Amino acid sequence: MRVLGIETSCDETGVAIYDTAQGLLAHRVHSQIDVHAHYGGVVPELASRDHVRYLRPLVDETCEASGLKTADLDAVAYTTGPGLLGALLVGATFSKTLALSLGIPALGIHHMEGHLLAPLMETPDLPTPFVALLVSGGHTQLILVRSIGDYELLGTTLDDAAGEAFDKTAKLLELGYPGGPKIAALAEQGDATRFAFSRPLSDRPGCDFSFSGLKTQVLTEAKKWVDANQLDAQTKADLAASFQQAVVDTLVLKCRRALEITGAKALIMSGGVSANRNLRAALKALESEGVMVAYPAPEFCTDNGAMIAFAGATRLSAGQKDSTHAIHIRPRWPLSELPEVS
Ligand code: KG4
Ligand code: ZN
């Protein structure tokens, strides 16, 4: 089964074709960084318009790269939510129309399930149950995965998501957008031990997170140096490195706790923040404790069409498909509402 995957939930237009027999045939991502950078964050209306502009050409490019025509497709999977309403509508309308015109099924996919299943593209034999750390711009969740569609939320953020904390901290350090990669790059030149930022909620039981206080700690510290006219490049790099280390340590601590609580022997990580090299290295180190650790290649950590095509292929293979041609999107959509895949 050849599934076209369409991702338009936020500021990346992602298109891919996944073949259940041959794996990923081709994928293309168009990033809107240039569109939004000037504003310091995503402008929803501009995001929708950019998806309209790029979706069709990307589908053509992806088909060409895979040597297929749209007539060779067996189904279309698209992101139904969560995400920006207008951006989701563009992808859903395009996908449903294409599927209808080709006479093939369409299936709406939960964006976070796309992230969650992405590591399985490369590691299909991951033992269940496993723990999933989903860290993106809008979500920070620890989930126990018993099987596909059987998800138990173990912990979530009480305020900012991990990616949001990176983005806001980058903004206050005037590093630009998107903040995660900017902080990570600057942190390479910094001393992560110089500033002792807290590891939020580490002294409390459970797997919840809280990152907004950490951002405030960075702001307070930076302000001290600004007021003294001493916020030089090295201090900024040290702030970035110390902040990043605090986030990484906190995420790893909670992952370890989730593994202990559940007894799971495998851990996956996905979502934009999982592209962070320090976080990847820190989680991989858990393998020395007898845990299998998997995460996608960096290009499949941030938003992409391949994860939607793959999640779609998984569910479509189990017989699921949209029951109507009507266009439905779910800008807010708890992962727990997904049906199980038998
Ligand atoms: O999954 P994603 O592409 O979009 C959402 O679904 O939110 O995640 C985007 C988030 C942004 O907050 C971005 O700053 C963060 O992932 N991010 C990173 C890195 N690359 C992207 N955070 C830390 N380090 C990175 N290398
Ligand atoms: Zn995402």
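We count ligands from 1, going down the list as the structure has it; atoms in each ligand are counted the same way. None of the values given here were measured: they were computed from a predicted structure.
Protein atoms that are N, O or S and lie under 2.8 Å from the Zn ion (ligand 2) are these: H111 NE2, H115 NE2, D303 OD1.
Counted within 6.0 Å of NZ on K236, heavy atoms from surrounding residues, nucleotides or ligands total more than 12; the atom is thus considered enclosed. Atom NZ of K284 has more than 12 neighbouring heavy atoms from other residues, nucleotides or ligands inside a 6.0 Å radius. Remark: E340 CD is packed, more than 12 non-hydrogen atoms of other residues, nucleotides or ligands lying under 6.0 Å away.
Protein heavy atom closest to atom 24 (N) of ligand 1, with residue, atom name and distance, is N276 ND2, 3.0 Å.
By the 4.0 Å N-to-carboxylate-O rule, R257 lies too far from E260 to be salt-bridged with it. A salt bridge between K215 and E164 is absent, with no side-chain N of the basic residue lying under 4.0 Å from a carboxylate O of the acidic one. Looking at K171 and D167, no side-chain N of the basic residue comes within less than 4.0 Å of a carboxylate O on the acidic one, giving no salt bridge. The pair D72-K69 does not count as a salt bridge, with every side-chain nitrogen at least 4.0 angstrom from each carboxylate oxygen.
The N/O atoms of D167, backbone and side chain alike, include one that comes under 3.5 Å of an N/O atom in ligand 1. At under 3.5 Å, a nitrogen or oxygen of G163, whether backbone or side chain, sits near a nitrogen or oxygen of ligand 1. Considering both main-chain and side-chain atoms, G180 comes within under 3.5 Å of ligand 1 through a nitrogen or oxygen pair. Residue G272 places at least one N or O, backbone or side chain, under 3.5 Å from an N or O of ligand 1.
Under the 4.0 angstrom criterion for non-hydrogen atoms, C10 is not in contact with ligand 1.
Applying the 4.0 Å criterion to heavy atoms of H111 picks out, from ligand 1, the atoms 6 (O). Set against the non-hydrogen atoms of H115, the atoms of ligand 1 under 4.0 Å away are 1 (O), 6 (O). Distances below 4.0 Å separate heavy atoms of G137 from the following atoms of ligand 1: 5 (C), 7 (O), 8 (O), 9 (C), 10 (C), 12 (O). Near G138, with a cut-off below 4.0 Å to any heavy atom, the atoms of ligand 1 are 7 (O).
Of the candidates T302, D303, T79, V247, it is D303 that places a heavy atom closest to atom 4 (O) of ligand 1.
The aromatic rings of F195 and F197 lie parallel to each other, with less than 30° between the two planes, well short of the 60° mark. Under the 30°/60° scheme for interplanar angles, the aromatic rings of F300 and H27 are found to be tilted.
Across R28, E7, H51, a single residue satisfies side chain to side chain contact (heavy atoms under 4.5 Å, CB included) together with T13, and that is H51.
Pairs of residues two or more places apart, or lying in two chains, that qualify as salt bridge (charged side-chain N to carboxylate O under 4.0 Å, His left out) and include a residue from residues 173-196 are E188-R277, R194-D238.
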